[in-house]
Amino acid sequence: MVFDVVVEVTLRPGIADPQGATIERALPALGFDGVSGVAVGKSIRFSLESTDEAAARAEVEDLCGRFLSNPVIEDSAVSLTRVGS
Amino acid sequence: MAARVAVVQFPGTNCEQDVVEAVRSFGAEADVVFHTADSLGGADAVVIAGGFAHGDYLRPGAIARFSPVMEAVTDMANQGAPVIGICNGFQVLCESHLLPGALQKNSGLRFVCGVVDLRVESVDSPITSQADVGDVLRIPINHFEGNYTCSSETLAQLRGDDRVVLRYVDNPNGSVDDIAGICNEQRNVVGLMPHPERASHALLGSTDGRVLIESLLATAGVRT
């Protein structure tokens, strides 16, 4: 089975997000006054061939923990969409 | 016999020649080792020099960690040899789990480039053995991701075990507890954001980095 994988990497709660804070501070100058809680992360997309969804998820979780995110400062969220057999 | 230092170069490393020159100025031997090497050629100590290993893609140090040479670096660290990471090298050592914690973007999202005062906090490390606690050293910094962070448990361990080796006198990047450099539990692996090699000759504006390099060579020499 082939899956489209999207991994969203975000900073853990309590870790300073200077990019988010800088964007939030800039918004009032553009007239956007009601925006708060801006957070910047990254999304990583790829295709994965695996035997089934559970195996695919386990592999991606492992990949996230060891490489795509640094668990000291980042969380990761995985979404899988089956696109072919 | 003069100590031999291997200086690791990844694609994007740019401080390796500065480290080589600084080491050689003490009469010791230094060789650049490319990241594809699977051996450090019998060196007594390793320095992972600064720069932008693998373009700092994903996170600084994240890809460097998987370079072949890192197996040899890890072996040396496990054998108790001095392993020093300067700037990007510190980031590589954290990503490799040879040091705890992580280096995030500087507070205020500022790239910092200048000369700072560092206070020697522990002399029980391969880079401070020839210094005195309380010495203040003027050494350049040059980084965007030097804001050291770790869990509160890790911070308590670092403090309790005297593993904070260097602190900023005036914190330039938001590092927790003003941390500029730490060592591992066995005390042979050290990471620091400042660049001692850039303060190793009067022509560079400061010679305060020499005591750190001298300490490294003294520690490496004892093991030969």
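Note that this is a predicted model, so its numbers are computed, not measured. Excluded from the calculations below are hydrogen atoms, water molecules and symmetry mates; all remaining heavy atoms, backbone and side chain alike, are included. Convention: sequence-line order gives letters A, B, ...; per-chain numbering from 1.
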Exercise. Given the options A:Val72, A:Ile15, A:Ile73, A:Asn70, which has more heavy-atom pairs under 4.5 Å with chain B than any of the others?
Worked result: A:Asn70

Seminar exercise, completed: Turns out that what part of A:Ala16 lies under 4.5 Å from chain B's heavy atoms comes down to both

Problem set entry | Under 4.5 Å from any heavy atom of chain A - which part of B:Asn106 | backbone

Problem set entry | Over all atoms of both residues, closest heavy-atom pair of B:Arg59 and A:Leu68 | NH1-O, 3.0 Å

Seminar exercise, completed: Note: B:Lys105 and A:Pro18 closest approach over all heavy atoms is CB-CG, 4.0 Å

Surrounding [atom1] of [X] (heavy atoms of other residues, nucleotides or ligands, distance under 6.0 Å), is the total greater than 12?
{"X": "B:Tyr57", "atom1": "OH", "answer": "no"}
{"X": "B:Asp38", "atom1": "CG", "answer": "no"}
{"X": "A:Glu24", "atom1": "CD", "answer": "yes"}
{"X": "B:Phe144", "atom1": "CZ", "answer": "yes"}

Seminar exercise, completed: Ranking B:Arg110, B:His97, B:Glu95, B:Gln104 by heavy-atom pairs under 4.5 Å to chain A gives rank one to B:Gln104

Problem set entry | Main-chain N/O of A:Phe67 paired to B:Arg65 side chain as donor or acceptor, under 3.5 Å | no

